[in-house]
There are 2 protein chains.
Amino acid sequence: MLPKGFKIGGMRSGLSKKEGKKDLALFVSESPASAAGVFTKSIVKAAPVLIDIERLKKGGKFSAIVANSGCANACTGDKGKKDAENMCSAVEKSFNFEIGSVLCASTGVIGQYLNILQDDLKKSIDLLKGNIGTFSKNEVEAVLAIMTTDTFIKKSDIEVEVKSGKIKIWGCVKGAGMIHPNMQGPHATMLSFILTDAEIESKTLQKILENSADESFHCVSIDGDTSTNDTVIVLANGQSGTGKLSEADLEKFIKAVDELTLELAKSVAKDGEGATKFIEIEVKNTKTKEDAKLIGSTIATSPLFKTAIFGADANWGRAIAAAGRAGVEFDPDKVDIYIGGVHTFKNGIALNFSEEEAKQSLLKKEVKVVVDLKAGKENSKYYTCDFSYDYVKINGDYRT
Amino acid sequence: MLPKGFKIGGMRSGLSKKEGKKDLALFVSESPASAAGVFTKSIVKAAPVLIDIERLKKGGKFSAIVANSGCANACTGDKGKKDAENMCSAVEKSFNFEIGSVLCASTGVIGQYLNILQDDLKKSIDLLKGNIGTFSKNEVEAVLAIMTTDTFIKKSDIEVEVKSGKIKIWGCVKGAGMIHPNMQGPHATMLSFILTDAEIESKTLQKILENSADESFHCVSIDGDTSTNDTVIVLANGQSGTGKLSEADLEKFIKAVDELTLELAKSVAKDGEGATKFIEIEVKNTKTKEDAKLIGSTIATSPLFKTAIFGADANWGRAIAAAGRAGVEFDPDKVDIYIGGVHTFKNGIALNFSEEEAKQSLLKKEVKVVVDLKAGKENSKYYTCDFSYDYVKINGDYRT
């Protein structure tokens, strides 16, 4: 269920070449909202990312997010930026919102211009304005409109009980390929939009989002490819009526945001292009958190490891090989590895484990890998999926 | 043709589980030779790598390299190191070489012990001793014995005319998966052995090898996975009779080594697991050489880019996206990209190129990609291959 004061929806405008595909989504707050965003750290940033960064930097309140699929509006130069601004201004005009109060996001093919005339775009937005709402149907339509190679709708919500009432947080995410978000505060093609009726100032919201992304979206990789368009935006409109949160209540809110972003992030890995399995890689007892993340991400992006899991092969050797090249100093003779719950490697030596038992556990849809370095007290979890024939099929023939 | 004073060969010893597969190779110099080596920089180094590093550090002359396929002898602890030493000592005993004068290398599955009794190994070496030679047949047998998923024999030779005669350099390489060598002087599973009858001291040889590897083996990636066993060893026995080389002749020798290593390195990319295409990525006009290499390697390891090329899709967007996340500062609005000779991207903007022309050029076996940053004067070439269904097939079912 959506938080108070938000209406959302999605429609087909023709921006996507795919016949009948919904491609335009709107997330609207009745009253101006605090906003926070994290965006791709790639040097090559898509036009909507550049626009959002500019607008968030200026500060102030925001009324809506407009997003499209089918075209990333990346590597489109000045015309691209103008097009992104036009997307925002079509919404601003249609709803009579303040200029500069709308944020935007795009996903799809890189290097193509948004192929829609401003008049047609405005007409689409006007039409969509009449079709946004608070129902489950509206949620579904909004998320469908931002999906590309995604195979299922990824959305979630959570309720937080605070002293003076209830706060709702709702979030959605799209992304199945070019997924390895590496984002940074103002300044993921994973798009995620989070709406809440909490009352919270933008600066605090920004900090909460950045910390939360580090433990969720930044711990997910499908193919190691960071996109030009990765975007997470949060709008907080304060309409819960609970007022400014006490420290204790703020902690509760943060916990809820963390829970939601983690669920959304995991759902991205579960819907990885061609994925047959969801893989959780836990790296334990490292000297630093950074060490744990580096090893997790190196294993998660190893094509050899990912194809082994696709083949239900408990090939821990590929996990330790990936760990070894992660750029982290550790003693290989202390390392333990568990694959699918089977202890395969102990203190740097292969164990004589049951290949059959391992195979059976790797035939499940969810696989847990644990790498224990015994070098310190830090831990981190990284989420990914296997690498299948379908990944090659989907990506060998995506653009044409 | 082999340089003077070298005899080589290969046989089946039973070390590989694959029925009938040759798995034991010997590269022997009649007289003790100068030696140089570069090895994986992975924190997880296979036992033979550890042994070689120790032995090369001690210095002195070397008489032979013994190598096996079928078992990487990696993550095998103290027993593994003992096994690697035993491989060397079996050769030392059989040939009456000095203790410590033999180097070793292994490739194959990680985490398994060399499953051969010392007596049987010694018998195999004795047998092989009678079968090494200088003929083309011996070259082929030696290379066959170190191959794993390789589909063709990769060897080459070159002759250098120097003032007082001729120097021969011969080299071979194996490797088709877990290829992204990152090696460093005494301290890939690509194995390469280079033999020359030049007279040259080990220290100079080491420097020449390190520089040469940086422009060849270190510019190749099949899957981004650096191995625990990557090894390049050069033996120089001085039997050409040309004596110590003048500076001008040394330059000629270095040029020849560079030519040979580049050819061997490219052949590795051409034989990438499941590869249908060889890809050369030239990154031009960067501020630093490091920048060019970083961008080249990031594009070369992007699964999205590699699957696009497999699909003969001139998806330059994936190339620029990879470049953008390489960690190099550049102005995206200055970048040009050519794929298969087709100018697809100019000054940060997509060109309206002929998709048909691009497709035709991408259907060829060799694809050239040029990324021009227009930011400086440095250049670098990186070599890789496409990512096909067969990559997934080969690696989803490698170990079992």
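As the structure is a prediction and not an experimental result, all values here were calculated from the model. Per chain, numbering begins at 1; letters A, B, ... match sequence-line order. All heavy atoms count here, side chains included; hydrogens, waters and symmetry mates do not.
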Nearest 0.5 Å, what's the OG1-NZ distance between B/Thr307 and A/Lys393?
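The OG1 atom of B/Thr307 sits 13.5 Å away from the NZ atom of A/Lys393.
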Separation between CG of B/Leu304 and CD of A/Glu273, rounded to the nearest 0.5 Å
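So the CG of B/Leu304 and the CD of A/Glu273 are separated by 6.5 Å.
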Going by the rule ring-ring contact (aromatic ring centres under 6.0 Å, His included), which residues pair with A/Phe305 if we only count those two or more places apart in sequence or in a different chain?
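ring-ring contact (aromatic ring centres under 6.0 Å, His included) list for A/Phe305, sorted by chain: empty.
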Tell me which of these, B/Val44, B/Val335, B/Asp386, B/Ile43, has more heavy-atom pairs under 4.5 Å with chain A than the rest.
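Highest number of pairs under 4.5 Å: B/Ile43.
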Residues of residues 342-352 of chain B near chain A, each having a heavy atom less than 4.5 Å away:
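Within residues 342-352 of chain B, the residues under 4.5 Å from chain A are B/Phe345, B/Gly348, B/Ile349, B/Ala350.
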Hey, can you tell me if A/Phe387 and B/Phe387 have their rings parallel, tilted or perpendicular (30° and 60° cut-offs)?
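Perpendicular.
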Extract all donor-acceptor atom pairs below 3.5 Å that involve side chains of residues 326-333 of chain B and protein atoms in other chains or at least two apart in sequence.
| from | atom 1 | to | atom 2 | distance (Å) |
| --- | --- | --- | --- | --- |
| B/Asp331 | OD1 | B/Asp333 | N | 2.9 |

Look only at the side chain of A/Ser42 and the backbone of B/Gly324, and say whether a donor-acceptor pair between them is shorter than 3.5 Å.
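Such a contact is found between A/Ser42 side chain and B/Gly324 backbone.
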Of the backbone (N, CA, C, O) and the side chain (C-beta and beyond), which part of A/Thr298 lies under 4.5 Å from a heavy atom of chain B, both, or neither?
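Answer is neither: A/Thr298 stays 4.5 Å or more from chain B.
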Any non-hydrogen side-chain atom of B/Lys306 less than 4.5 Å from a side-chain atom of A/Val392?
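The answer is no, as the side chains (C-beta and beyond) never meet within the 4.5 Å cut-off.
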Evaluate the side-chain proximity of A/Asn395 to B/Phe310: yes if any heavy-atom separation is below 4.5 Å, no if none is.
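No, too far: nothing below the 4.5 Å cut-off.
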Closest-packed option against chain B by number of heavy-atom pairs under 4.5 Å, given A/Ala323, A/Ser302, A/Ala312:
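Most heavy-atom pairs under 4.5 Å with chain B: A/Ser302.
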Please give me the minimum heavy-atom distance between [X] and [Y], naming the atom from each residue.
| X | Y | answer |
| --- | --- | --- |
| A/Ile110 | B/Ala321 | CD1-CB, 4.0 Å |
| B/Pro303 | A/Tyr391 | CB-OH, 3.6 Å |
| A/Cys75 | B/Ile320 | SG-CG2, 3.7 Å |

Which region of B/Thr76, side chain (C-beta onward) or backbone (N, CA, C, O), has a non-hydrogen atom less than 4.5 Å from a non-hydrogen atom of chain A, or is it both or neither?
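Looking at B/Thr76, just its backbone touches chain A.
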Could you work out, with salt bridge (charged side-chain N to carboxylate O under 4.0 Å, His left out) as the rule, every residue matching A/Asp291, not counting sequence neighbours?
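Scan of A/Asp291 (salt bridge (charged side-chain N to carboxylate O under 4.0 Å, His left out), adjacent residues dropped) gives none.
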NZ (A/Lys364) with more than 12 external heavy atoms under 6.0 Å:
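Not more than 12 within 6.0 Å, no.
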